[in-house]
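Computed from a predicted model, the values in this text were never measured in an experiment. Letters go in sequence order (proteins before strands), and every chain restarts at 1.
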Amino acid sequence: MNRRITFGITIIIILALVAIFASFVATHDPLELDLSLEGRLQGPSPEHFFGTDNLGRDVFSRMVYGTRISLSVGFIAVFISMVIGLFLGGVSGYFGGWVDSLIMRIVEVMYCFPTFFLIMMVITFLGANIVNVMVVIGLTSWAGLCRLVRAEFLTLRERDFVHSAKVQGVSDMRIIFRHILPNAMAPVYVSATLSVGGAILVESALSFLGLGVQVPTPSWGNILTAGKNYIDYAWWLTFFPGVAILITVLSFNLIGEGLREKLDPKLSESR
Amino acid sequence: MNKILEVKNLTVMFGETYVVDNVSFDLEPGKVLALVGESGSGKTMTALAMLDLLPRSADHKKGEIWFNEQNIFDLDPECMRKIRGNKIAMMFQEPFTALNPVMRVGKQITEAIDAHQRRSHDEKEGRLNELMERVKLPRAIAMSYPHELSGGMRQRIMLAMALSCSPDILILDEPTTALDVSIQKHVLDLIKQIQETEQFAMLFITHDFSVVNMIADDVCVMKEGFVVEKGPKDEVLKTPKVQYTKHLISCIPRLGDKRGRLPG
């Protein structure tokens, strides 16, 4: 096992456990206020590991619950974009002709939009909540994957085993999903892992702008937002969520890079 | 004479180039027809036309292929799909590329059954056992992936794939060319034996007259898309009428003999 993958996966597993067992890991109720003067904006201490925010809530506990948001947004958004990207890319590459032209034009249109502003606009219309955020990120991020899958299909569809399946009378959809797709998955895994990190960043940015997860539900992005007003004397409010985002995205990127190296024989030869 | 499949005046063109030119032949149940010719003589294109699977670049096709009182070129794609692998099966040349590298071979053998028949899991397992026995491979091999098997084993797997739905016609496209001579003999004997028990019609594509001698009942010699000679095997092998056939026959290697060459 590649060291980068091991490191990345270890971190992700820890984060996933934290997210699943959030109620056991958290030391306080993440929504419990302490508006007394001493309770607000406390620095890190054994009582409050990451300090408290402007409303006296425990930042560590809020971040523990925020892990759930970040990871679920990352995974679900990428899952949605994978389903769309694999299906359209597969159909496009396999059938070719006008189907391919149509799908590729849609992909080009998707590429023309500044995605982040598109997401912001849609969220403004549909309302900011976590489900909308996941779905919208998923719906706007499949174009690259679609192209990748299409390119794989273009080479794989001429392979003998595909002809052999056709000769056996296997249906087109089955050839696409049972025969070609499993052979095209290596670059998809890489791309999907890297996208998880990207989706987490987009969610954090949206929450930071107030368009993502709404307060009081904690997410790493909105903890950052709350912290930005106090950045000159309460560094812990922005530092810890920032580091959490960094480590998480980094871990996904390391896994993605490690997988790329492992799965692409050309890259591993040159090392 | 009862025919199971009749190819009438088949012509296939890539742009202006004829790859198959006015080819006609019949297949009879229980008989083996060998289609012989050098590379590029249109043998494989003829076979692909029988399954209506010509490449997209083949822009013109003429003629008729009659199977079960239907012209294959008139059938809609779904009807054609139901014939492929079910009534007419084909086995490919290259055992190293014709199997899906990420699917267990047992699963690949039963793909055609899944595509054509509604069968329970147990029935499929039963059929798989039967097929593995038929091609003389241990049952455990069905759980392997193609890269774990030798060329001869893969060839047998491909044979089992082609036989899975008990087709009426089996097309074999140079089934032994990629194998070394001793394995070739085993696979050919096996094919011949299965053909004799199951009595399907077989179209055997090859360039090798020694293989023709072993397996065929009738021979059809092709050159540059034309059929130059056809007839019963013994007739064609012993008294070839055309110069080209004589040349091909003289290419059969014999011990102590200087090997004949096909004039360019």
Side-chain angles (χ1 to χ4, degrees), chain A residues 82 86 89-104 148-192 259 262-266 268, chain B residues 44 47-48 50-57 77-105 107-117 145-146 154 157-165 167 169-173 178:
Chain A
M82 264 179 75
L86 291 182
V91 167
S92 183
Y94 181 77
F95 290 109
W98 67 268
V99 183
D100 181 36
S101 307
L102 179 73
I103 294 174
M104 281 304 108
L148 190 76
V149 173
R150 172 180 175 268
E152 287 291 313
F153 268 65
L154 286 181
T155 55
L156 286 168
R157 75 165 186 211
E158 302 301 333
R159 294 271 294 273
D160 276 354
F161 69 84
V162 176
H163 290 299
S164 165
K166 262 190 211 166
V167 165
Q168 297 242 66
V170 179
S171 64
D172 287 328
M173 283 300 143
R174 205 176 156 86
I175 292 182
I176 293 180
F177 294 110
R178 295 298 308 277
H179 287 270
I180 308 187
L181 197 58
N183 283 288
M185 284 313 276
V188 172
Y189 291 136
V190 174
S191 159
L259 280 179
K262 264 208 130 38
L263 298 175
D264 187 342
K266 271 176 253 145
S268 54
Chain B
T44 303
L48 288 178
M50 289 165 64
L51 292 160
D52 200 16
L53 276 178
L54 288 167
R56 290 164 216 230
S57 44
E78 186 53 25
C79 289
M80 197 56 228
R81 187 187 70 74
K82 284 183 182 144
I83 291 179
R84 281 181 212 133
N86 193 17
K87 303 284 177 211
I88 307 180
M90 179 164 171
M91 178 177 157
F92 279 92
Q93 173 173 9
E94 263 298 328
F96 295 93
T97 57
L99 290 171
N100 188 338
V102 299
M103 199 187 260
R104 289 184 197 281
V105 294
K107 183 83 194 103
Q108 300 193 49
I109 292 173
T110 54
E111 272 287 277
I113 302 176
D114 284 331
H116 300 293
Q117 305 165 353
Y145 288 96
R154 288 187 225 191
I157 295 290
M158 282 158 61
L159 184 61
M161 279 168 78
L163 294 172
S164 62
C165 288
I169 300 174
L170 180 61
I171 303 171
L172 298 116
D173 186 1

Q: Scan residues 165-183 of chain A for pairs that pass side-chain hydrogen bond (donor to acceptor under 3.5 Å, both in side chains), counting only residues two or more places apart or in two chains.
A: A/Tyr94-A/Asp172, A/Arg174-B/Glu111, A/His179-B/Asn100, A/His179-B/Glu111, A/Asn183-B/Asn100

Q: Would you mind reporting whether A/Ile176 and A/Leu181 have side-chain heavy atoms less than 4.5 Å apart?
A: no

Q: Would you mind checking which part of B/Met161 comes under 4.5 Å of any heavy atom in chain A, side chain (CB onward), backbone (N, CA, C, O), both or neither?
A: both

**Q.** Short side-chain to backbone donor-acceptor contact, B/Arg104 and B/Tyr145, under 3.5 Å
**A.** no

(Q) Do A/Arg159 and B/Thr97 make a side-chain contact, defined as non-hydrogen atoms from C-beta onward lying under 4.5 Å apart? (A) no

Q | Segment of B/Met90 engaging chain A (4.5 angstrom heavy-atom cut-off) | A | both

Q. Counting heavy-atom pairs under 4.5 Å to chain B, which of A/Met185, A/His163, A/Glu158 comes out on top?
A. A/His163

Q. Which of the residues B/Met158, B/Glu94, B/Lys107 is involved in the greatest number of heavy-atom pairs with chain A at under 4.5 angstrom?
A. B/Lys107

Q. How many angstroms lie between CD1 in B/Ile113 and CG in B/Asn86, if you round to the nearest 0.5 Å?
A. 10.0 Å

Q) So what's closer than 4.5 Å to chain A heavy atoms on B/Leu53: side chain, backbone, both or neither? A) side chain

Q. So do the side chains of A/Phe153 and A/Ser92 get within less than 4.5 Å of each other, counting heavy atoms only?
A. no

(Q) Please classify the contact of B/Glu78 with chain A as side chain, backbone, both or neither, using a heavy-atom distance under 4.5 Å. (A) neither

Q | Top contributor to chain A interface from B/Leu48, B/Val102, B/Ile88 [non-hydrogen pairs under 4.5 Å] | A | B/Val102

